[in-house]
Amino acid sequence: LHLSIRRQRQMCIRDRSKGDAKWDQEALLKDIARVHEILAEYEHIYSSVLGRQPEDNERSGNGFWMSEESIQRMNNNIDQVMLENASTNQQKSLIDMKSVLAKGISSSLEDALKDVVNSLPSIAEQLEKSPPSVDIHSNGTRIKNEHLETINNVFAHLLRNCLDHGIEPPAERAEKGKPETGKINIVSTQDGNKTQLTVNDDGKGLNIKRLYAMGIKQERWQAGEAIDPNIICNMIFESGVSTKETVSDISGRGVGMDAVRAFIRDLGGDVYIKLTAPPTAGLETGEVDFATVKFIIELPDTICLTAVN
């Protein structure tokens with residue numbers, strides 16, 4: 001967009017700089033019309049495709065704006081003052097100031113995942129499924145702005161997988177007595193200096209039978225050997241492992257769960273899977289087809305801010 005408008009502007013300046021050039025009113029009007037077309041196209045992509053509203057990124061007329069570096073510098077100064085025996089009342093005021101500053105360098109978990117969540121209805125349409133409902137219980141968790149893109153990419157893959165691999169088509173859900181619309185839950189909790197983001201859906205679960213078979217193929221265990229179901233489930237993070245025989249256009253796309261784990265570990269975090277119910281008979285030996293699970297993402301405090309009021 002910027003390049004196109006700049007080209008139009010440069011052409012006008014170039015023509016005007018030529019002393020003997022004639023002013024071509026018709027050409028100018030065409031240039032202006034082209035700029036309007038570009039702006040209209042940008043507005044369509046911004047509002048209709050990305051689902052954003054103009055006020056999403058507009059600066060308010062109230063207050064002032066600071067760079068993230070300046071905010072971080074002030075935050076560090078406040079920490080230093082708090083260490084130098086500030087009174088109880090001063091401590092409370094300084095904590096309130098830190099909360100305000102934190103909002104300047106971070107985004108709420110809901111805002112961080114908004115584009116991913118908004119993309120799910122179009123993906124559901126391609127899969128001939130109902131758009132899922134997504135419940136986010138952030139408990140005040142915020143993501144530092146510098147890490148938004150990575151977190152967005154991680155959740156884009158996870159939520160697409162929930163919809164593609166886990167949540168069943170409407171007819172299959174009806175046969176199981178489930179509502180037509182699937183549900184995805186994202187819950188944030190605090191564990192010491194780590195934030196845990198738990199993701200699960202109400203679909204059929206993880207294809208543990210296929211994962212067990214792949215473990216045999218990779219000579220990790222022998223056929224019939226009893227293996228902890230959580231170990232079997234976490235096979236999904238190994239390179240080249242998938243619970244589908246064919247890669248769909250929705251999930252996969254050359255980026256497996258091993259890459260998702262690598263993204264998170266690069267941030268100093270981790271991701272793993274746990275069963276959501278006690279193991280049933282045959283699960284440890286791969287005799288059960290599916291098991292319901294939850295993905296747990298652990299992120300350090302260098303990525304997340306919590307309980308910001």
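Every heavy atom of this structure was used, including side-chain atoms; hydrogens, water molecules and symmetry mates were not.
Interatomic distance, CD1 of Ile297 versus CZ of Phe263, reported as 12.5 Å (0.5 Å rounding). Going from atom CG of Asp191 over to atom CD1 of Ile296 covers 10.0 Å, rounded to the nearest 0.5 Å.
Linking ILVMFWY side-chain heavy atoms closer than 4.5 Å, directly or via other members, places Leu159 and Val187 in two distinct hydrophobic clusters.
Of the N and O atoms on the side chains of His157 and Asn153, not one donor lies less than 3.5 Å from an acceptor on the other residue.
When Lys183, Arg173, Glu172 are each tested for a side-chain contact (heavy atoms from CB on, under 4.5 Å) with Lys178, only one passes: Arg173.
For the side chain to side chain donor-acceptor pair (under 3.5 Å) test, no residue two or more places apart in sequence or in another chain qualifies with Lys129.
A 4.5 Å side-chain heavy-atom check between Ile167 and Ile184 finds at least one atom pair inside the cut-off. The side-chain heavy atoms of Ile236 and Met257, taken from C-beta on, include a pair separated by under 4.5 Å. Using a 4.5 Å heavy-atom threshold, the side chains of Asp258 and Phe237 count as separate.
Residue Arg265 comes nearest to Asp270 through the heavy atom pair NE-OD1, 3.0 Å, listed as atom of the first residue, atom of the second, then distance. Contact detail for Cys233 and Leu275: the closest heavy-atom pair is SG-CD2, 3.8 Å. Scanning both residues, Leu267 and His147, for their nearest heavy atoms gives CD2-ND1, 3.6 Å. Contact between Lys204 and Thr292 at its shortest, heavy atoms only, is O-CG2, 4.4 Å. Minimum interatomic distance between Ala112 and Ile143 (heavy atoms only, all atoms of both residues): CB-CG1, 4.2 Å. Of all non-hydrogen atoms in Gln222 and Tyr212, the two that sit nearest each other are O-OH, 3.3 Å.
Remark: Lys176 engages Glu168 in a salt bridge, criterion side-chain N to carboxylate O under 4.0 Å.
By the 6.0 Å contact criterion, CD on Glu125 is open, its count of non-hydrogen atoms from other residues, nucleotides or ligands being 12 or less.
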